[in-house]
Amino acid sequence: MSTGASAPIRRSFNRALFVILCAGVLLNTALVALLPLHGPLGPVLALFPVNVLIYLGAGVLAWHYRPSNRMGALILLTGVWMLLGGLGNADVAALAALGTIAGSMPLAGFVHLLLAFPAGRVRGAVARATVIAAYVTSLLLQVPRYLFAPDVAAPGLMIADVPAFEQWGGGVQEFVGFLVLTSTLIVLADRLRRSTAVERRVLVPLYGYGIVALVVLLFASRILGPVLGWAPTDVAALQLLVFCGVPIAFALGTLRGGVARTGELEELGVWLGEVGSVKPAIGAALARTLGDPTLEVWFWVPAREGYVDTEGVEVTSERQQAHRVVETVELDGRRIGAISCDIALMAEPGLVRTAGRVVAIALDRERLIAELLASSRALQSSRERLVEVADRERRRIAQDLHDGLQAQLVLLALEAQQIAHIGADEETVRERATELRKGIDAAASGLREVVYSVMPAALSQRGLSAAAEDLVDRVPVPTTLDLNVADNECSPVVESTAYFVVAEALANAIKHSRAGAIAVQLGRGGDVLHVEVRDNGDGGARVGRGFGLTGMVERVEALGGTVHIESPDGSGTTVRAEIPCGL
């Protein structure tokens, strides 16, 4: 799994793979130069460098995309055995001797690949014993074939011409090889029996091809030659062609399929454990691991009782589509996030849960970052709205003073000037002065209304209880008030916020809900001031539809409190606010 070109470890690993690739190409080129490709066996011998090239490419590719999986290294190792086996046909005596000694090692490498799939590790005592027996058969039991009989390719290896020893050694090698094949079949059959349906879709074709290829490699010369009359060169060509498909099959099995996805979780663990600050986003890592480019990671924010995405944006219900699965991620029994992915792209949905457990700690870390980002966005948005509310309130006050009080004072001034200049009788002057006094009283009343709308005198002079009573008395709808809070029990800013909640909820009930009855409750529980306003109106109140409720929520949240609004259509509205008193 790629972790980004900027990761130092990954860059070093890629450079090492590039060196291996270049070295392999150079050695394979040397093999081509050493083999007698222009002779009668040229077409068959040419299959050796072709095999080596395929093993080299498949091994590097598998190791590049699955660095912690050993299958890529094992494919390359089997390619090395194939390279050494090809040297047995070289014109250089020393290299031909080396190739003769390692001539059967590709078979051992093949058995190792079969029993190590998919993680590259041989699991179980029987499987490990089988692999060891395969290498012993290919390396040690091969010895009598070239020590006690003349070998055309490497005659210098023979120490004595004892055909009986050569035949006895060959028989033992074939018998042990048959036992290795039988043990391999038993282990693979047991793994198929214990595998899931998704895993079988990958294992059955791979194991089937592997068993057929192993039988061909071990027994083709015994069956195809005597029974079907094939020439030895034809049998050798078939075996080499079968060997060409081995690295391709294992590389595809390693990189694709349900078993591969299980292995990808190991890569996820490697990604989490890498040193360095530069890593891809956890969502991108999960998307690559699970094979779903549409995968999203959401983070749980307890204060909001909802999810936010990696940008801190709230996840709405519309984003949870029917064709997607949302797997909750928990850590130490608490919800920290969720993984949203496309069901159609999931070969095994259970892997989503497993992947969530693997990345839970990293997800919790990124959740805190996302929550901080969301809080920062919310704080900025809250500040902007508070500034907007304050500006709008100032404009309203200025408009009221300009259109109302100022106009009244101008008219009163004109009236006073007219009184001063009229030459009427005393009775007329008295009547005009009386009207002037009434106008002054009306202007003073208007001024008091403006001042009351900014900061009620009852609230600043007598506290929250008196201000709430005064506010309820002014409501034109039957309203009950339940007070369970003492004056000056909370700070002025808390009482002012609570008063604003009551005022706004009452205004909403009168103007918009057409309520016939309202109930107001104020009480302190511990260090929290509880405010509740219920009405029996039309309901349908929503935060965001107007500035009133939005401003109310912003004021409460600015003090660290919470507001809950229940307003189903046609069933009234209930506004509950909880404001910390320790301010």
Using side-chain heavy atoms (C-beta onward) and a distance below 4.5 Å, is [X] in contact with [Y]?
X: Leu113; Y: Met71; result: yes
X: Met105; Y: Leu84; result: no
X: Val19; Y: Arg15; result: no
X: Val126; Y: Ile186; result: no
X: Ile75; Y: Trp63; result: no
X: Val50; Y: Cys244; result: yes
X: Leu114; Y: Phe250; result: yes
X: Val111; Y: Leu115; result: yes

Any idea which heavy atoms bring [X] and [Y] closest together, and the distance?
X: Ala90; Y: Leu95; answer: CB-CB, 4.5 Å
X: Ser104; Y: Ser138; answer: O-OG, 2.9 Å
X: Tyr209; Y: Ala249; answer: CD2-CB, 4.3 Å
X: Gly72; Y: Ala62; answer: CA-CB, 3.9 Å
X: Arg191; Y: Arg123; answer: NH2-O, 3.5 Å
X: Val52; Y: Gly79; answer: CG2-O, 4.1 Å

Point-to-point distance, once rounded to the nearest 0.5 Å, from [atom1] of [X] to [atom2] of [Y]:
X: Thr78; Y: Asn51; atom1: OG1; atom2: CG; result: 11.0 Å
X: Leu31; Y: Leu53; atom1: CG; atom2: CG; result: 11.0 Å
X: Leu140; Y: Tyr135; atom1: CG; atom2: OH; result: 13.0 Å
X: Leu87; Y: Ile101; atom1: CG; atom2: CD1; result: 11.5 Å
X: Arg145; Y: Gln167; atom1: CZ; atom2: CD; result: 10.5 Å
X: Thr184; Y: Leu188; atom1: OG1; atom2: CG; result: 6.5 Å

* Knowing that exactly one of Ile132, Val122, Leu107 qualifies, which makes a side-chain contact (heavy atoms from CB on, under 4.5 Å) with His112? ->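 The single option meeting the side-chain contact (heavy atoms from CB on, under 4.5 Å) with His112 is Val122.
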* Parallel under 30°, tilted from 30 to 60°, perpendicular over 60°: which one fits the rings of Tyr55 and Phe243? ->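 Judged by the thresholds at 30° and 60°, the geometry between Tyr55 and Phe243 is tilted.
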* For the pair Phe148 and Phe165, name the ring-plane relationship: parallel under 30°, tilted 30 to 60°, perpendicular over 60°. => perpendicular
* Check: Gln173 side chain, Thr137 main-chain N or O, donor-acceptor pair, under 3.5 Å -> yes
* To do: Kindly indicate, with the supporting measurements, whether the criterion side-chain contact (heavy atoms from CB on, under 4.5 Å) is fulfilled by Leu240 and Met82.
  => CA-CA 10 Å; Leu240 290 172; Met82 180 61 66; 4.2 Å; yes
